[in-house]
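First up is the structure itself, then whatever we jot down about it.
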Amino acid sequence: MKVLVINCGSSSLKFQLIDAESEQCLAKGICERIGIDGSMITYAREGGEKERKVTPMPDHTEAIRLVLEALTNPKTGVVASLEEIGAVGHRVVHGGEKFAQSVVLDREVLAAVEECNDLAPLHNPANLIGIEACRKLMPDTPMVGVFDTAFHQTMPEEAYMYGLPYEYYQKYKVRRYGFHGTSHSYVSRRAAEVLGRPYEDLKIIVCHLGNGASISAVKNGRCVDTSMGLTPLEGLMMGTRSGDIDPAIIEFLANKEERNIGEVMAVLNKKSGVLGLSDNLSSDFRDLEDGYNAGDPNAVRAMKAYCYRVAKYIGSYVAAMNGVDVICFTAGIGENAPLVRTSVCEYLGYLGVELDQEANGKRGQDIAITTPESRTTVMVIPTNEELAIARETVRLVK
Ligand code: ADP
């Protein structure tokens with residue numbers, strides 16, 4: 001079966017067509033600036049040239065129509081007709097407490113997903129628009145929703161409750177949910193597979209370090225804690241998000257800078273993290289690494305605080321699980337920034353971590369970066385959220 005995987009945002013839409021048997025990506029691309037002037041689609045077949053076409057996309061239905069047109073194009077497409085696409089898997093950011101698993105999307109389920117919109121007002125409505133557009137153009141093709149929050153639904157109450165009046169949980173479901181669940185699940189399973197050890201026997205910490213970043217503790221195959229909360233703002237310092245701060249800072253800054261809560265929240269989401277801490281040098285770790293190596297104090301400050309926070313979270317999850325067998329690094333920074341991995345591992349002497357610098361310099365492989373003598377194994381496992389969504393989709397429609 002061929003599965004179309006869709007990750008739909010408010011003005012962009014990423015897609016991949018995956019052959020479920022060989023697990024190969026056949027074609028992928030992105031529609032950008034949907035509903036804005038200058039919209040464009042970028043498309044590439046596996047191993048083929050990237051094509052970019054600027055073309056009007058007033059809405060997501062038009063974007064999906066262009067995606068389907070590209071996939072069936074007689075010259076550069078990869079399927080003869082839409083009938084070859086057996087199912088569509090949609091990434092959905094927030095499933096609240098309702099969705100601890102992926103689901104087949106029908107009318108009733110979609111209404112339940114819509115009820116989660118309050119919890120992720122920037123993401124969920126866009127995900128739903130993408131689903132509706134697909135349903136319009138492929139009415140007979142089964143659709144599956146795969147939730148970013150689902151994997152973390154196994155967290156125990158003591159891990160997901162905030163120290164707030166209980167009535168806010170009862171009334172509004174204010175609690176910790178966590179995100180990047182598809183990646184944490186894929187990477188932790190893959191680590192067990194690569195090591196040839198039963199997933200159910202391992203204590204694994206996954207560090208998903210991309211533009212957004214989160215850590216999770218996976219004990220005996222179940223997530224027991226993760227660093228993001230009600231929203232993706234909690235936890236690690238990120239590219240532009242603050243991560244954990246004293247909540248009283250919000251009122252303090254609102255008073256000092258004469259801004260309202262919305263404006264301060266925008267600073268915490270878009271101008272903070274390593275971008276803010278590096279005094280606006282960059283949110284991108286390629287720039288920060290260059291700056292660090294050149295001794296730029298702005299880059300050094302941001303890099304050190306970032307790695308310290310990662311190490312501190314790892315320590316707290318070692319406590320939560322009473323030990324750890326495997327620590328995995330994944331996503332843009334986790335997979336590509338050896339300096340970040342080295343700096344984090346320097347804090348992990350108490351776990352008997354012995355880094356293998358040669359392995360740490362490699363890229364794009366599922367690989368252990370510690371020596372065989374290392375008491376704890378540290379690995380790099382490139383994430384593949386699209387493949388994980390395709391697998392879930394096939395499991396549900398079969
Ligand atoms: P997203 O959360 O948008 O999916 P990614 O997982 O793709 O993010 O991570 C993007 C980030 O990865 C970039 O902002 C950059 O900081 C980092 N990154 C990508 N390539 C490299 C590299 N070669 N060296 C260091 N950092 C990198």
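Both counts, for ligands and for their atoms, begin at 1 and track the order of listing.
Partner F179 forms a ring-ring contact (aromatic ring centres under 6.0 Å, His included) with one of H94, H123, H152, H184 and no other, that one being H94. Of the options E385, E23, E386, a salt bridge (Lys or Arg N to Asp or Glu O under 4.0 Å) to R391 is made by E23 and by none of the others.
Using a 4.0 angstrom heavy-atom cutoff, R363 counts as in contact with ligand 1. G212 counts as a contact of ligand 1, since one of its heavy atoms falls under 4.0 Å from the ligand.
For a threshold of 3.5 Å applied to N or O pairs, the pair formed by F285 and ligand 1 contains at least one separation below that value. Residue H208 places no N or O, backbone or side chain, under 3.5 Å from any N or O of ligand 1.
In this structure, atom 21 (C) of ligand 1 lies nearest to the protein heavy atom N336 CB, 3.5 Å. Here the heavy atom of the protein found nearest to atom 25 (C) of ligand 1 is R286 CG, 3.7 Å. In terms of protein heavy-atom proximity, atom 17 (C) of ligand 1 is nearest to I333 CG1, 3.5 Å. In this structure, atom 3 (O) of ligand 1 lies nearest to the protein heavy atom N211 ND2, 3.1 Å. In this structure, the protein non-hydrogen atom closest to atom 27 (C) of ligand 1 is G332 O, 3.8 Å.
Heavy-atom minimum distance, N336 versus R363: O-NH2, 3.1 Å.
There is no side-chain donor-acceptor pair under 3.5 Å between Y186 and E392.
Both tests pass for K173 against the ring of Y169: distance under 6.0 Å to the centre and angle within 45° of the axis.
Counting heavy atoms from C-beta on, the side chains of V88 and R135 never come closer than 4.5 Å. Side-chain contact between P338 and E289 is present, with at least one heavy-atom pair separated by less than 4.5 Å.
When the shell of 6.0 Å around CD of E108 is examined, it contains 12 or fewer heavy atoms from other residues, nucleotides or ligands.
Contact annotation for atom 5 (P) of ligand 1: protein present (non-hydrogen atoms, distance under 4.0 Å).
Against a heavy-atom cut-off of under 4.0 Å, D284 is close to the following atoms of ligand 1: 13 (C), 14 (O), 15 (C), 16 (O).
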